[in-house]
Amino acid sequence: IMADLRNYQARATPGVRADAAIDEGLRAYMIRVYNLMALGLAITGLAAFGAFNLAIADGQLTAFGQLIYASAFRWVVILAPLALVFFLSFRIQNMSVAAAQTTFWVYSGLVGLSLSTIFLVYTGESIVRTFFITAASFGALSLWGYTTKRDLSGMGSFLFMGLIGIII
């Protein structure tokens with residue numbers, strides 16, 4: 001897609017160095033996307049940590065903890081992010097930017113609430129270590145994908161099969 005955009009830009013404005021203009025615009029766009037996603041990830045983490053702290057007191061479940069972890073309402077907590085994904089997939093084309101961003105922030109909070117159960121199972125050190133390993137891997141792969149001049153879409157099926165193999 002990027003190669004097509006560069007070719008179009010070069011044809012549309014002869015005499016203008018298209019690569020520099022596209023790289024500058026792409027860089028600004030990617031920084032904005034990464035900042036928004038980092039904020040969404042921070043909201044998710046804070047919601048998960050906050051929900052866990054509200055749910056546990058002195059090693060026992062509080063009333064809030066009973067509600068979100070031990071009652072039938074836990075299914076609402078677990079499935080709410082999935083329901084919001086379906087809502088977004090059907091409505092995103094008709095939403096304003098502000099409404100889409102607000103829905104994304106709500107989604108981030110709901111995912112955090114849903115993922116707060118990992119604090120019941122794993123240690124804080126394990127969660128933090130896994131987070132930083134994942135963040136470093138994402139950063140490295142993202143940088144490689146951004147800087148390479150190759151079309152990486154052909155690797156998709158190979159990598160998907162690798163993912164299935166890792167899961168199994």
Side-chain angles (χ1 to χ4, degrees), residues 1-2 26-146 152-168:
I1 294 174
M2 199 63 219
L26 179 62
R27 184 173 294 115
Y29 175 77
M30 292 303 290
I31 287 172
R32 179 165 160 70
V33 167
Y34 280 95
N35 286 339
L36 289 172
M37 294 308 282
L39 183 56
L41 186 59
I43 290 170
T44 299
L46 289 173
F49 188 70
F52 174 74
N53 283 332
L54 289 173
I56 301 292
D58 300 325
Q60 300 294 321
L61 286 177
T62 63
F64 178 72
Q66 289 287 334
L67 175 69
I68 66 170
Y69 299 143
S71 71
F73 186 71
R74 74 175 179 259
W75 292 108
V76 173
V77 172
I78 291 168
L79 296 175
L82 181 62
L84 202 52
V85 165
F86 282 122
F87 172 78
L88 269 173
S89 66
F90 290 117
R91 297 276 305 163
I92 194 72
Q93 298 299 329
N94 301 326
M95 295 174 84
S96 68
V97 173
Q101 276 189 336
T102 301
T103 307
F104 174 68
W105 305 135
V106 170
Y107 171 77
S108 298
L110 286 174
V111 169
L113 183 63
S114 180
L115 289 178
S116 66
T117 59
I118 66 170
F119 288 98
L120 296 172
V121 179
Y122 300 103
T123 64
E125 295 81 24
S126 174
I127 295 168
V128 169
R129 184 177 339 125
T130 302
F131 171 79
F132 282 114
I133 289 170
T134 304
S137 299
F138 172 78
L141 290 170
S142 179
L143 184 63
W144 181 64
Y146 177 75
L152 302 176
S153 61
M155 297 176 69
S157 60
F158 173 75
L159 294 174
F160 182 73
M161 291 309 296
L163 175 65
I164 297 297
I166 289 171
I167 291 172
I168 292 174

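Only heavy atoms go into these numbers, but all of them, side chains included; no hydrogens, no water, no symmetry mates. Since the model is a prediction, treat every value here as computed from it, not as a measurement.
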query = If you draw a 6.0 Å radius around CZ in F119, do more than 12 non-hydrogen atoms from other residues or ligands fall strictly inside?
reply =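 Yes, CZ of F119 has more than 12 neighbouring heavy atoms, counting only those of other groups under 6.0 Å.
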request  = Give a yes or no on this: more than 12 heavy atoms of other residues, nucleotides or ligands lie within 6.0 Å of atom CE of M30.
outcome  =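 Enclosed.
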Show the nearest heavy-atom pair for residues [X] and [Y], with the distance to one decimal.
{"X": "L88", "Y": "M95", "result": "CD2-SD, 3.9 Å"}
{"X": "I68", "Y": "L113", "result": "CD1-CD1, 4.1 Å"}
{"X": "T117", "Y": "Y69", "result": "CG2-CE2, 3.3 Å"}

Interatomic distance, [X] atom [atom1] to [Y] atom [atom2] [nearest 0.5 angstrom]:
{"X": "L26", "Y": "I31", "atom1": "CG", "atom2": "CD1", "value": "9.5 Å"}
{"X": "F73", "Y": "L67", "atom1": "CZ", "atom2": "CG", "value": "5.5 Å"}
{"X": "F64", "Y": "N53", "atom1": "CZ", "atom2": "CG", "value": "11.0 Å"}
{"X": "I164", "Y": "L159", "atom1": "CD1", "atom2": "CG", "value": "12.0 Å"}
{"X": "T134", "Y": "F138", "atom1": "OG1", "atom2": "CZ", "value": "11.0 Å"}

request  = Could you walk me through whether I56 and T62 pass side-chain contact (heavy atoms from CB on, under 4.5 Å), step by step?
outcome  = CA-CA 6 Å; I56 301 292; T62 63; 6.0 Å; no
Does [X] use its side chain to pair, donor to acceptor, with the backbone of [Y] at less than 3.5 Å?
{"X": "S114", "Y": "L110", "value": "no"}
{"X": "S142", "Y": "G139", "value": "no"}
{"X": "S108", "Y": "T44", "value": "no"}
{"X": "S116", "Y": "F52", "value": "no"}

request  = Return the set of residues passing side-chain contact (heavy atoms from CB on, under 4.5 Å) with L36 (not counting sequence neighbours), or none when no residue passes.
outcome  =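 Result, side-chain contact (heavy atoms from CB on, under 4.5 Å) vs L36: R32, Q101, W105.
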query = Under the side-chain hydrogen bond (donor to acceptor under 3.5 Å, both in side chains) rule, what pairs show up with a residue in residues 153-168, not counting sequence neighbours?
reply = D151-S153
message = side-chain contact (heavy atoms from CB on, under 4.5 Å) for M37 and F104? Distances and angles first, verdict last.
response = CA-CA 10 Å; M37 294 308 282; F104 174 68; 3.8 Å; yes
request  = List the steps and the verdict of side-chain contact (heavy atoms from CB on, under 4.5 Å) for T103 and I92.
outcome  = CA-CA 10 Å; T103 307; I92 194 72; over 6 Å; no
key: Within-4.5 Å side-chain heavy-atom neighbours: V128 and F131   = no
task = Give the C-alpha distance, both sets of side-chain angles, the deciding distance and a yes or no for side-chain contact (heavy atoms from CB on, under 4.5 Å) between W75 and I78.
result = CA-CA 5 Å; W75 292 108; I78 291 168; 4.1 Å; yes
inquiry  = Which residues pass the side chain to side chain donor-acceptor pair (under 3.5 Å) test with Y122, not counting sequence neighbours?
reply    = none
